[in-house]
Each structure stands twice: as structure tokens, then as C-alpha cells.
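Each ligand, and each atom within it, is numbered from 1 in the order the structure gives.
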Amino acid sequence: MQYRPLGRTGLSVTSICLGTMTWGEQNTEAQAHKQLDYALDRGINFIDTAEMYPVPARAETQGRTEEYIGSWIKARGRRDDFILASKVAGRSEMEWLRSDTNKVRQTAAQINEAVEKSLRRLNTDYIDLYQLHWPDRPLQGFGFHSYDDYDMADTVDMVDILGALQRHIEKGNIRHIGLSNESPWGTMKFLELSGKHGLPRVASIQNVYSLLARRFDYGAAEVAMREGVGLLPYSSLAMGLLSGKYDDGKAPKGSRGDLFPQFLGRYELAQELHAAKACNDAARDLGITPTQFAYKFAQSRDFVTSNIIGATTLEQLSENIDAHDIEWTDEMEKAASDLHKRFRSPVASA
Ligand SMILES: NC(=O)c1ccc[n+]([C@@H]2O[C@H](COP(=O)([O-])OP(=O)(O)OC[C@H]3O[C@@H](n4cnc5c(N)ncnc54)[C@H](OP(=O)(O)O)[C@@H]3O)[C@@H](O)[C@H]2O)c1
């Protein structure tokens, strides 16, 4: 298992990170624990979760994913064996995330509530990497195709957000901070403000990135490289489309596309363009599986720190970890580049 530095924190994380957002919806507590046991046994030391999980986000299930990780930590007592990342939601209509307001925002009071509740659910004293899940700014994410401007006066001051996070670092509740679904401007602004005011520096950025979602290459990648804010790509298997199992145009029974078709909405254009199938066919022509091509592509970018994988079964998890064992060749790079020239980035996001 390969290790890479997590920004400038001094921590080393494995170049594969275990995603958890299906736990509590598609996966039971026992299955979550088995995935954790298996991933750690395979050498993975990096786990990603969020206060909002599982998905689809619902008031009835919110927090279950962290609870399952918490019950595993309690049962196994292995808290120091891995780097734990969680997230606080950004501006949202999900009023049930907070106890005393229907406006979910990244104010200091709401960050305090979110950190305290996550620590309780996780059965831990500290979260290693605490990420802003998406911005407090009303920046369109999760599948947008054009930019709409907004009023900065109606946003929480980014210095106040960093200040609230700093107080949790001082208390020992969190160790480092990161961004998610953030733009190049937002990343640079956070870096500028932390330098100017002596506030914590962001260590990572977690955005969508895959053979079908390459917007990060256009600007954000340079920020990641120059500023030491590595990408933690999510959905690099395009939620399963790049495993090849949707190639006949149907969602297999029990898959995310079958259970929650709304998720694959952001991949509609990719499907219309037959881009996903073209990626999968290119993999087969290279003599590798679509899953190997998709995951190894993401992991092999210079600006990537750790590739966040997702699985609903142990078989998938095993296959997905193995997928990273292949060597990324010039021939594979050319195939990925040709696909990019042909389809650009049919999946949009921050
Ligand atoms: N920051 C954010 O906003 C954000 C957003 C999304 C995800 N994330 C993080 O990233 C993690 C991974 O995201 P993701 O689940 O979308 O990643 P993904 O790797 O693109 O998709 C994983 C899904 O694809 C299917 N799959 C996985 N391996 C497979 C295989 N070998 N063969 C066939 N199907 C397979 C499974 O779904 P089915 O079995 O249901 O088909 C699995 O849940 C999440 O758990 C979360 O931690 C963060």
C-alpha cells in the first residue's frame, strides 16, 4: 500500500481511502464493520465519512454512518490505527441537521454543534481531518453546468469559519481541516485568509473526479499542486457506471442506479454521449477491467492524495482495492487522454 502526505500536515495517508456513505442505507452495521475490518487488514489507513451520511440524506437515518464507525471503534479499540475524516454540511435546506434553526450554515455555533455531535456518534475524542462538505456560499455544485453569481454579504465570513475550526483544533477535537466541493477561488481564498490571519491551513480538497468528470483538471489541479492541497477524488467509478455494469443501458437490480436513480442524474449527459461505455470499452481493449482503468486513472494523477473508493459488498471492496495494484502505463494514459479529447467532462461539479 502506497502512502502519500496529507497536505502539509505531516500525516501520511494511504493512496486509497475507504468511503462510507452507503452505511446505514444500503449497508447494515455488521456489513460496515466487516468493510472496516477488511480495509484495515488490507493496509488502508484512511476513512472518509460525514455528519450527513448515509445517502440519500434523510432525517430518519442521518448520523447512522458515523454511529456505525463509532460502534466499530468501541468494539475494536483501534482508533489510533487510522486517519479519520468527517465533514460538516454547508448551506442547505436540510433543517433537521441542526437542533435550533432551519437554516443550515457554517456559523461558529453550527460548526460547534456539528463537531460535538460527530465526536459523540464516532465514539472518539478527535477527528483527524474535518472538511467543509460544501461551501456556505451558495455556489452551485453537484451537477451544475453554468455559473450563477450570488451575494457575498449573505455568506458566513470565511475568516469566521476558519476561526471556529481553529478553536476546535485548540481543544483537540479536530486535528486538520479540508475542503470539499470547493472551487479554485474558494480554495485560494481560504489559503490567503489562513496565511493573513494565522488561522489553520486547508490540507485537502474532496471533489468529484473521474474519467467522466475532469473539471478539476481545469484550474483546481494547479492549485492542488502548487499549494500542497491534494485532491481526494470521490465517485471516481462514477457511482458504478465505470464498472461496466450499466453498459447495456439498464441499472442492475439493487444497484445505486436502481434504488436511487436521482443520483445518476448528474451522469445523464455521460450516458447520452455513451461516454461511460466508451471508457469501459477502452479498458477492455487495454486488457484490463473497467474498474481497474477508472480507479487507477484517478489514483495516478499527480495532484491526487488518496482515491476515495466505495463498495456495497465485500466482493466489490476486494476488487476495488486490487484494482489499484496495476501499473499505470503510457498506453493507458493515452487512452484516457483520447477519451478526454472526445468527451471533455460530461459530468460537471465544483
Ligand atoms: N464530498 C462529497 O460531496 C462526496 C460525494 C460523494 C461521495 N463522497 C465520498 O466518496 C465515497 C465514494 O463515493 P461513491 O460511492 O460515489 O464512489 P464510486 O466508487 O464512484 O461508486 C461506488 C459505488 O459503485 C458500485 N460499485 C463499487 N465497486 C463496484 C464494483 N467493483 N463493481 C460493480 N459496482 C461497484 C457500488 O454501488 P452499487 O453496489 O449500489 O451499484 C458502490 O457503492 C463515498 O462513500 C463518500 O465517502 C463524497
Would one find more than 12 heavy atoms of other residues, nucleotides or ligands at under 6.0 Å from atom CD of Glu333? yes
- [ ] May I ask you to check whether Ser235 has an N/O atom sitting below 3.5 Å from an N/O atom of ligand 1?
- [x] yes
I'd like to know if Lys277 pairs up with Asp281 as an ion pair, taking the criterion as any Lys NZ or Arg NE/NH1/NH2 lying under 4.0 Å from an Asp or Glu carboxylate oxygen.
yes
* Check: Ile308 N/O within less than 3.5 Å of ligand 1 N/O -> no
The salt bridge (Lys or Arg N to Asp or Glu O under 4.0 Å) partners of Asp285 (sequence neighbours excluded) come to none
(Q) Please check whether Ala238 reaches ligand 1 - meaning an N/O of the residue sits under 3.5 Å from an N/O of the ligand, judged on distance alone. (A) yes
Margin query: Does ligand 1 come near enough to Gln206 that some N or O of the ligand is less than 3.5 Å from an N or O of the residue?
Written below: yes
Q) Does Tyr53 come within less than 4.0 Å of ligand 1, judged by its heavy atoms? A) yes
The option among Glu319, Arg256, Met239 carrying the non-hydrogen atom nearest to atom 14 (P) of ligand 1 is Arg256
Short N or O distance, Ser255 and ligand 1, threshold 3.5 Å exclusive = no
**Item:** Within-shell test, Tyr295 vs ligand 1, heavy atom, strictly < 4.0 Å
**Value:** yes
Check for me whether Lys87 has a heavy atom closer than 4.0 Å to any atom of ligand 1. yes
Taken in chain and number order and not counting sequence neighbours, the residues that satisfy side-chain contact (heavy atoms from CB on, under 4.5 Å) with Lys196 are none
Decide, yes or no, whether a salt bridge links Lys34 with Asp41 under the criterion of side-chain N to carboxylate O below 4.0 Å.
no
If the threshold is 4.0 Å, N to carboxylate O, is there a salt bridge linking Asp338 and Arg342?
no
